Structure formats: structure tokens, C-alpha cells
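Each chain gets a letter, A, B and so on, in the order the sequences are listed, and its residues count up from 1. Basis for what follows: all heavy atoms, side chains included, without hydrogens, waters or symmetry-related copies. Keep in mind it's a predicted model, so treat the numbers as computed, not measured.
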2 protein chains.
Amino acid sequence: MVTIKDVAKEANVAPSTVSRVISGHKSISENTSKKVKAVMRKLGYEPNVAARTLVTQKTKTIGLILKTASKEMTQNPFFTDVLMGISIACKKRAYSTIMTTAIESEELIAEVESLMKSKSIDGFIMLYSKENDPIIKLLKKNKFPFVVIGKQLQERDIIHIDNDNIEASELMTQFMIDKGHNHLAFIAEPDSYAVAIDRIEGFKKVCIKNNVNEFQIFNARPERNEIMEVVKKMKEQKVFPSAIITSDSMLNINLLSALYHYNIRIPDDVMTATFNDSFINESASPPQTVVNIHPEYLGEEAGIAMIKLIEDPNIIKKNTIIPTEIIERASTKRQENV
Amino acid sequence: MVTIKDVAKEANVAPSTVSRVISGHKSISENTSKKVKAVMRKLGYEPNVAARTLVTQKTKTIGLILKTASKEMTQNPFFTDVLMGISIACKKRAYSTIMTTAIESEELIAEVESLMKSKSIDGFIMLYSKENDPIIKLLKKNKFPFVVIGKQLQERDIIHIDNDNIEASELMTQFMIDKGHNHLAFIAEPDSYAVAIDRIEGFKKVCIKNNVNEFQIFNARPERNEIMEVVKKMKEQKVFPSAIITSDSMLNINLLSALYHYNIRIPDDVMTATFNDSFINESASPPQTVVNIHPEYLGEEAGIAMIKLIEDPNIIKKNTIIPTEIIERASTKRQENV
DNA sequence: TTGAAAGCGCTACCAA
DNA sequence: TTGGTAGCGCTTTCAA
């Protein structure tokens with residue numbers, strides 16, 4: 001292994017000088033800097049991360065806390081996009097990331113505590129927001145820096161990065177109503193995370209404001225047979241809704257599968273739309289109109305905020321709201337040319 | 001921060017004794033072990049990873065080399081499943097993982113070289129297999145341990161974890177022929193990675209063996225308009241194929257979208273099937289028959305092999321083949337009850 | 001502008 | 001079975 005001493009010897013300088021060259025210390029002369037850099041290249045020197053971490057007490061890595069590392073989570077394009085956004089932002093600033101792998105809550109707490117106490121990371125980005133979360137308590141108790149991707153709940157002194165999900169849902173609902181729909185349905189996951197609650201709220205609000213004839217809210221987990229049940233219920237009603245909004249892509253693809261089964265055509269028999277944009281929606285049968293919530297920006301902003309907080313713990317803790325917008329695709333376009 | 005010295009002082013032993021307790025050294029008496037462990041718990045001690053790494057020269061982390069960290073890759077369920085498989089296997093053995101984030105090939109080489117030389121990781125798992133890969137050359141030159149998920153090409157002295165993709169494709173093709181199909185189509189990606197080549201080979205072989213009336217191979221990238229073109233071509237033929245196999249889920253969902261557009265119903269007008277199983281196929285319109293290639297096992301086996309190789313560099317380098325099997329779903333089931 | 005040297009927290013060797 | 005201690009590769013302080 002080539003160390004800083006090897007470089008120093010070869011360049012006829014002290015190790016401390018080499019160290020200064022590496023960190024771009026201002027008091028180093030042009031000359032020595034050039035000379036040392038040449039030697040570093042020649043010997044293929046690369047700083048030893050562990051040694052540096054040991055003395056600086058900075059790991060330059062950020063921990064990502066997933067609610068659960070289950071397939072439902074890791075396969076959801078929303079999360080992979082958020083993760084990519086974080087990775088890119090971190091890499092640009094010479095930080096790396098490490099993800100929790102716990103499935104169960106107990107296990108997750110232990111994992112987070114271990115990462116924190118073993119000084120493996122400089123801060124955490126939490127990829128969810130939940131009332132009374134024990135992890136938040138743990139981090140606050142230890143005064144360990146972190147930011148949250150998700151809604152601000154009670155806590156005032158925590159940085160949150162989020163969309164305005166109420167507004168996003170209002171946008172989507174109004175869009176449907178403007179298409180002339182008068183009987184809308186909304187499908188959301190039953191476990192009431194802030195996201196779903198807000199989207200339901202936005203939906204209700206706009207339906208009421210516009211005096212929509214009928215609007216319904218269904219709960220289902222993103223599994224095909226649960227959505228099949230929902231569609232079956234819809235069919236048993238006097239009138240089938242003319243527009244269905246799902247609160248997540250995973251619900252949406254299952255809805256499309258159920259509608260396909262019953263040979264209910266989109267957009268002719270019913271129009272559909274959903275939240276989050278990804279290849280799943282773009283390549284769906286048919287391509288789906290969506291509210292793009294820009295998961296990669298959520299991730300990027302979270303990464304930037306986290307690094308700022310690590311490098312200056314006294315920074316003002318302000319939240320960031322990522323804007324959303326509708327992308328219209330075939331699922332809400334009346335087909336003229338058929 | 002609580003260090004090994006703090007624990008030693010509190011427990012009235014030497015730091016080296018504490019170290020031995022941590023590593024489960026056999027020559028430690030039951031008594032001291034208990035005493036020291038109690039103190040560790042009491043003080044909330046957690047070993048400092050950087051310090052340990054510095055002296056042992058082992059990071060206990062494994063680098064994952066992605067061909068490219070683009071969305072096409074990170075959103076593909078095949079890869080997220082492989083990644084999860086690796087993570088789980090590593091975590092069980094107290095290893096963590098770190099993923100490359102480079103999009104471009106040049107950038108990737110630099111990233112790998114830096115990770116290697118900065119002693120940030122103990123070994124690499126490559127998530128692709130390519131002829132004349134410069135990264136493989138780099139790793140071999142530096143005698144750095146690694147395993148490959150993908151096909152064995154020239155190199156004999158490298159551990160490979162893979163499926164038998166020829167066989168898997170033979171299985172799938174025979175399955176379709178047994179359904180009575182006599183005009184089959186196969187859609188694969190144009191850039192000829194080993195996986196696609198093998199699947200095409202298996203398809204051809206079985207078609208010829210069974211004297212299939214007509215079989216065709218189409219090339220398309222997994223983008224909707226490219227697949228739309230393919231389907232359009234199919235429609236312009238005298239006869240539309242009665243079964244279409246795609247070599248990847250991403251191609252498959254785009255195919256379904258195109259067929260939906262032309263109102264070609266599955267399985268009535270055409271039967272479809274694809275490789276890799278995930279929620280995408282399970283919740284597709286309609287649910288797809290697939291060859292399950294068990295990406296999570298590929299990952300798990302790769303993780304296990306990698307750790308074995310790190311801990312004993314002289315291990316015999318043998319390959320592992322993960323079995324595959326067909327899961328039949330609606331896309332190939334003749335509907336009796338309509 | 002540069003050098004010398006202490007020390008980060010841990011493991012592992014040599015002694016006891 | 002346990003203790004003392006050198007040293008992993010680096011940064012940083014103090015001195016020159």
C-alpha cells in the first residue's frame with residue numbers, strides 16, 4: 001500500500017506537507033504542490049479513508065433510514081428515485097451513503113443506534129415521517145444530526161423536505177373535474193401515513209368545493225386481489241365511477257390489472273390517474289396521467305440539507321417544499337381518432 | 001464518546017482485555033467477560049469502526065459495481081432484488097455494502113479504482129458480465145478480490161454466479177409450444193449482453209427442434225415507442241404471432257402497453273410471457289407468465305461467495321448456477337369461463 | 001511556507 | 001488468563 005509517508009519521502013517533503021497539499025491548504029507554495037501532486041499520481045496514491053476518519057471524526061457518509069427494507073419498499077420506484085437523488089447529491093460533495101436493511105421496527109432501532117454509536121456515519125436522512133417515531137426520539141436524545149423526507153408533524157426544530165400533498169391532490173382532482181367528471185373515486189392505502197391522509201384531504205376538499213355529484217374513498221393495500229375486490233364493489237353500484245385516482249403507483253398498476261380483467265377500457269369507460277411518475281406509469285396499459293412529485297429532487301434536496309447541517313450544526317432549520325405538476329397521458333385523453 | 005479505554009478503566013482491566021472480550025477470544029475467563037460486557041452495556045459502548053479498520057486493514061464492506069447507475073438500471077426490479085439479496089447476505093455476516101454511482105464507463109473505472117486504493121472495501125461484486133471488461137482487468141492487475149453475477153466468458157479463474165439462461169429460455173419456449181403455438185415471436189434488447197444472447201439461443205433451438213411453423217426475433221430497447229414499432233410491424237404481417245416472449249420485464253410492460261393501444265387482448269388474441277418475476281409482472285394487465293430466475297438468490301449467493309473469498313483468498317473458485325422455473329399466470333391461460 | 005511529533009481508538013504481539 | 005504497548009495512516013498543532 002502506498003501511504004502519505006511514501007509520497008513524502010519520494011517528494012522530499014514532510015508528511016504534513018503532503019497532507020496539506022491533499023486538503024488544498026492555502027499556505028502551500030505552487031511549487032511544492034505541483035511536485036507532490038506529481039509524486040502522488042506517479043505512485044498511485046489514494047488517501048486511506050479509515051485513517052482520515054479516525055483523526056477527523058468525520059466519516060463523510062450519510063445513513064439512510066428506511067421504514068422497512070422490504071420488497072414493497074425497495075421495488076417502489078418512488079423510493080429508488082429518492083435514493084438515487086440522495087446518492088447523486090452526496091457523491092457530488094464527496095459523501096457516500098449507507099442504507100438500513102432492517103425489516104422490523106425493533107431491528108431498525110438497533111441498527112440506527114449501532115451506526116450512530118460506532119461513528120460510522122455523520123448524519124441520517126429519514127425516508128418517512130411518522131407520529132411519535134422512536135427513532136426521532138433516539139436521534140434527538142443523542143443530538144445526532146438528521147433530516148426528514150416527509151411531512152412536518154409536531155416537531156418544529158427538524159428539517160423536513162416534502163411535497164405539498166394536499167395541493168398536489170387538489171390539482172389532480174380539479175383536473176379530473178375539469179374533464180367533466182361528476183363521479184370520482186379515490187383509492188388509498190389503509191395504514192394512515194401522512195402522505196395518504198393529505199391526498200385524501202385534497203381530494204375531498206375539491207370535490208366538495210365543486211359540488212361533485214358523487215365521490216368515494218376506498219382503502220386497499222397494493223395487492224391485486226384487494227384491488228379486485230374494490231373494483232367488484234364499484235361494479236355492484238348503480239353507476240361505475242367515471243374517474244379513479246390512486247394515491248400511489250403500486251395501487252395504480254393493480255387497478256389497471258383489475259380493470260383489464262373486467263374489460264373496462266381506459267379512458268373510454270373510466271379515466272385513471274395517480275401520484276408519482278416513473279416508467280411504470282409511462283409504460284402502463286395505457287400510459288397514466290400522473291402528478292409528478294419529483295422524488296429525485298426530494299432526495300437531492302435532502303442530501304444537500306443534510307450535508308449543510310453536518311458541516312454547520314448551527315444552520316437555520318428551514319423546510320423545503322418540492323413543487324408538483326401534472327403530466328397528462330393517454331389515461332385521461334378522450335380518444336377522438338377511434 | 002465512550003472508548004475501549006473508558007470501558008477498561010470502569011471494569012478495572014486493560015484495554016486489550018476489553019478488545020478480547022469483544023472479539024470473543026477464547027482465553028478470556030467467564031468472569032471477566034461478564035464483567036466487561038456489563039460495563040459495555042452500562043456505558044453504551046460501540047466499537048469505533050474507523051479505528052478497527054485502520055489496524056485490521058479489513059473494512060467489512062463490499063463494493064457493488066453497477067454497469068451504470070441510471071434509472072433504467074436502478075428501477076429495474078431485477079436489480080433491486082439482486083441488491084437486496086446481497087444486502088441481506090452481507091448483513092447476516094456483519095458486512096455492509098456500498099454501490100457505485102457512476103453513469104459513464106470512464107467515471108465508473110475511476111470510482112472503482114478509488115474505492116480499491118483508498119482501502120474503503122474488501123472486495124467487489126460485479127452486477128454484469130461483459131467481454132473484455134476494463135474493470136475486470138483493473139481488478140485482476142491489482143489482485144483485488146471480486147465475484148461476478150453473470151455469465152462466465154473467457155476467464156476461468158473468476159467466481160461467477162448465474163442462471164442457465166439458455167435452459168431457462170428453452171423451458172419457456174417449450175411451454176409455449178406445448179400450448180399449441182406455431183408462430184412465436186421473441187423480443188430482446190439490441191445491445192448484446194450475454195443474457196439476451198443466451199435467451200435468444202434457447203428460443204431458436206427449441207423452435208427448430210419442434211419444427212415450429214414460424215418464429216421471429218425482434219430487437220427493441222425498453223421504450224414504449226420502440227415496442228409500438230415492433231407491434232406495428234407484427235400487425236403488417238399476414239399473420240400476427242400467437243405468442244410473444246420478451247427477454248426482460250421492462251420490454252414486457254411496454255409490449256403490454258402497445259398491445260393495449262391496439263386493443264389486442266391477452267391471452268385471447270396473443271399469449272405473452274417474460275423473464276424475471278416481480279410485482280410488475282404479477283400486477284400486470286393481465287398478470288404475466290414468467291420464468292423466475294430468482295434474482296434475490298443470485299444476490300445472496302454472490303454475497304456469500306464474496307465473503308468466503310475475502311476471508312480465505314485460496315478458496316476453490318467454483319461457479320454457482322441458480323435454478324429457474326416457470327410461474328404460470330393469466331397471460332397464458334386460455335379463458336374458459338368467458 | 002514547511003517540518004516534527006502527538007494522538008485519533010483499536011488490535012495484536014510479547015511478557016508476565 | 002491478563003497487561004503493557006507499539007503502531008495502523010492520517011491530520012493538526014506548535015515551532016521553526
Side-chain angles (χ1 to χ4, degrees), chain A residues 1-40 43-61 94 114-122 311, chain B residues 1-40 43-61 94 114-122 311:
Chain A
M1 188 196 327
V2 27
T3 74
I4 211 169
K5 279 186 188 168
D6 301 326
V7 176
K9 200 175 287 176
E10 180 80 14
N12 277 315
V13 294
S16 47
T17 302
V18 179
S19 176
R20 289 188 189 102
V21 171
I22 293 167
S23 63
H25 199 284
K26 54 198 167 202
S27 77
I28 287 287
S29 76
E30 185 79 5
N31 230 331
T32 21
S33 173
K34 253 188 206 157
K35 186 173 62 181
V36 170
K37 276 179 184 163
V39 174
M40 293 197 314
L43 302 185
Y45 170 78
E46 197 81 31
N48 181 308
V49 173
R52 177 180 286 171
T53 298
L54 184 57
V55 34
T56 60
Q57 304 281 26
K58 294 274 164 241
T59 61
K60 292 264 188 179
T61 98
S114 167
L115 280 171
M116 183 173 70
K117 296 208 169 153
S118 65
K119 302 280 172 218
S120 301
I121 55 170
D122 297 337
E311 299 186 346
Chain B
M1 187 197 324
V2 27
T3 73
I4 211 170
K5 279 185 187 169
D6 301 326
V7 176
K9 200 175 287 175
E10 180 80 12
N12 279 315
V13 295
S16 47
T17 302
V18 178
S19 176
R20 288 190 189 100
V21 170
I22 293 167
S23 63
H25 198 285
K26 55 198 166 195
S27 78
I28 286 287
S29 76
E30 185 78 7
N31 231 329
T32 21
S33 173
K34 252 188 206 157
K35 185 173 63 180
V36 169
K37 277 180 184 163
V39 174
M40 292 199 312
L43 301 185
Y45 170 78
E46 197 81 29
N48 182 308
V49 173
R52 176 180 288 170
T53 298
L54 185 58
V55 34
T56 60
Q57 305 281 27
K58 295 273 163 240
T59 62
K60 292 265 187 179
T61 97
S114 167
L115 279 171
M116 184 173 68
K117 294 207 169 154
S118 66
K119 301 280 172 222
S120 302
I121 56 170
D122 296 338
E311 298 186 346

Once you apply a heavy-atom cut-off of 4.0 Å, does B:Asp6 come out as touching a base, just sugar-phosphate, or nothing? nothing
Starting from C1' on C:dT1, measure out to NZ on A:Lys34 and report it in whole angstrom. 17 Å
Between the two ends of the helix from C:dT1-D:dA16 to C:dA16-D:dT1, what is the bend in degrees, rounded to 10 degrees, where each end axis spans five pairs? 30°
Who are the side-chain contact (heavy atoms from CB on, under 4.5 Å) partners of B:Lys9, not counting sequence neighbours? none
To the nearest angstrom, the NZ-P distance between A:Lys117 and C:dC10 comes to 14 Å
Under 4.0 Å: is that the gap between some side-chain N or O of B:Thr32 and OP1 or OP2 of D:dT1? no
Please find the pair of heavy atoms, one from A:Glu10 and one from A:Val39, that lie closest to each other, and give the distance. CG-CG1, 3.4 Å
Is the shortest heavy-atom distance from the side chain of A:Val49 to the side chain of B:Lys119 under 4.5 Å? no
Interatomic distance, A:Leu54 atom CG to B:Arg52 atom CZ [nearest 0.5 angstrom]: 13.0 Å
In chain order, what residues pass the salt bridge (Lys or Arg N to Asp or Glu O under 4.0 Å) check against B:Lys117, with sequence neighbours excluded? B:Glu113
Can you build the contact string for nucleotides 8-16 of chain D? Use B for base contact, S for sugar-phosphate-only contact, and - for no protein heavy atom under 4.0 Å. BBBBBB---
Identify all side-chain donor-acceptor contacts of residues 17-25 of chain A below 3.5 Å with residues at least two apart in sequence or on another chain.
unit_1, atom_1, unit_2, atom_2, d
A:Ser23, OG, A:Ser19, O, 3.3
A:Ser23, OG, A:Arg20, O, 3.3
A:His25, ND1, A:Ser27, N, 3.3
A:His25, ND1, A:Ser27, OG, 3.1

A:Lys35 meets the salt bridge (Lys or Arg N to Asp or Glu O under 4.0 Å) criterion, sequence neighbours left out, with none
Quick one: label A:Thr53 by what it contacts on the DNA or RNA (base, sugar-phosphate, nothing), any heavy atom closer than 4.0 Å. nothing
Set out, in order, the CA-CA distance, both residues' side-chain angles and the distance that settles side-chain contact (heavy atoms from CB on, under 4.5 Å) for A:Asp122 and A:Thr61, then state yes or no. CA-CA 6 Å; A:Asp122 297 337; A:Thr61 98; over 6 Å; no
Separation of atom NZ in A:Lys119 from atom P in C:dG9, rounded to whole Å: 9 Å
